[in-house]
Amino acid sequence: EAGVAQSPRYKIIEKRQSVAFWCNPISGHATLYWYQQILGQGPKLLIQFQNNGVVDDSQLPKDRFSAERLKGVDSTLKIQPAKLEDSAVYLCASLPTALSYNEQFFGPGTRLTVL
Amino acid sequence: DQQVKQNSPSLSVQEGRISILNCDYTNSMFDYFLWYKKYPAEGPTFLISISSIKDKNEDGRFTVFLNKSAKHLSLHIVPSQPGDSAVYFCAASEAGKSTFGDGTTLTVKP
């Protein structure tokens, strides 16, 4: 079974530029999460999708971050414009359904550096 | 207000000995607890979990203990192996939404 795919793996941009990340979850997984992991901290939830609908985006800085999951499969996360404090690893995870007893399957992450 | 805390940023143990990683939480609505292991440049991978209705779950060398009254859980690794060296994240889940601690870096010395 193929795992969660993310691209790019690394990205370096200057502040005020835009950037987009892509995630392809495990086939058949209805629930998809985007996390931000700042160095030395744990993953922090940005947004949760169930199929192509948003379940929770309460922690997403909506003035600069946006995410979509068209057709309920792969997803993109965009930052526009980027700030220095956005430097982090962006992790995508998926679940068959949003059941609390299921472990999440994580992708390798995209490491973003904002200069 | 951090709902899940791992108070030890790092832990070093000798190969063959026991590793004990601790985690505290504040939200009594959490109904499921998980431990993830993370190697550099990789995403976290699931290790072991426990439901809030249980106090112990064991899987091979890994055992998780839950003390609901103290809002505390711990992960025991026995015996520890050099390949266990990684960052360990505790996560607490409520209705499918997980909150993570900041991780403990475990180093197992040969």
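Numbered from 1 within each chain, the chains take letters A, B, ... in sequence-line order.
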Identify the two heavy atoms, one from [X] and one from [Y], that lie closest to each other, and give their separation to 0.1 Å.
X: Val13(B); Y: Leu11(B); value: CG1-CG, 4.1 Å
X: Arg69(A); Y: His29(A); value: NH2-O, 2.9 Å
X: Gly72(A); Y: Asn52(A); value: N-CB, 3.6 Å

Partner chain A: residue of Pro44(B), Cys90(B), Ser51(B), Gly43(B) with the largest heavy-atom pair count (under 4.5 Å): Pro44(B)
Under the side-chain contact (heavy atoms from CB on, under 4.5 Å) test against Leu75(B), which residue among Ile50(B), Thr63(B), Leu47(B), Asn22(B) passes? Leu47(B)
Where does Ala41(B) contact chain A at under 4.5 Å (heavy atoms): side chain, backbone, both or neither? both
Heavy-atom distance under 4.5 Å to chain A: side chain of Phe33(B), backbone, both or neither?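 The answer is neither part of Phe33(B).
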Atom [atom1] in [X], atom [atom2] in [Y]: separation rounded to 0.5 Å?
X: Ser74(B); Y: Asp24(B); atom1: OG; atom2: CG; value: 10.0 Å
X: Trp35(B); Y: Ile77(B); atom1: CH2; atom2: CD1; value: 9.0 Å
X: Tyr90(A); Y: Tyr35(A); atom1: OH; atom2: OH; value: 15.0 Å

Residue that, paired with His76(B), satisfies ring-ring contact (aromatic ring centres under 6.0 Å, His included) out of Phe65(B), Phe62(B), Tyr88(B):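 Among Phe65(B), Phe62(B), Tyr88(B), the one that satisfies the ring-ring contact (aromatic ring centres under 6.0 Å, His included) with His76(B) is Phe65(B).
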State, with a plain yes or no, whether a side-chain heavy atom of Arg64(A) is found less than 4.5 Å away from one of Lys78(A).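 Of all side-chain heavy-atom pairs linking Lys78(A) with Arg64(A), none is under 4.5 Å.
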At under 4.5 Å between heavy atoms, what parts of residues 99-110 of chain B are in contact with chain A? List them by residue number. Phe100(B), Gly101(B), Asp102(B)
Heavy-atom pairs under 4.5 Å with chain B are the metric here; pick the option from Ala93(A), Gly42(A), Cys92(A) that has the most. Gly42(A)
Please look at Gln37(A) and chain B and tell me whether the side chain, the backbone, both or neither of the residue comes under 4.5 angstrom of a heavy atom of that chain.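 The side chain, not the backbone.
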Side chain to side chain contact (heavy atoms under 4.5 Å, CB included) for Ser28(B) and Lys71(B)? Distances and angles first, verdict last. CA-CA 8 Å; Ser28(B) 58; Lys71(B) 293 190 174 67; 3.9 Å; yes
Taking non-hydrogen atoms and a cut-off under 4.5 angstrom, which of residues 106-115 of chain A neighbour chain B?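 Listed by number: Phe106(A), Gly107(A), Pro108(A).
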From CA spacing to verdict: side chain to side chain contact (heavy atoms under 4.5 Å, CB included), Lys56(B), Glu58(B): CA-CA 7 Å; Lys56(B) 177 182 175 181; Glu58(B) 193 171 351; 3.8 Å; yes
Would Phe89(B) and Tyr36(B) count as a close aromatic pair, with their ring centres under 6.0 Å? no
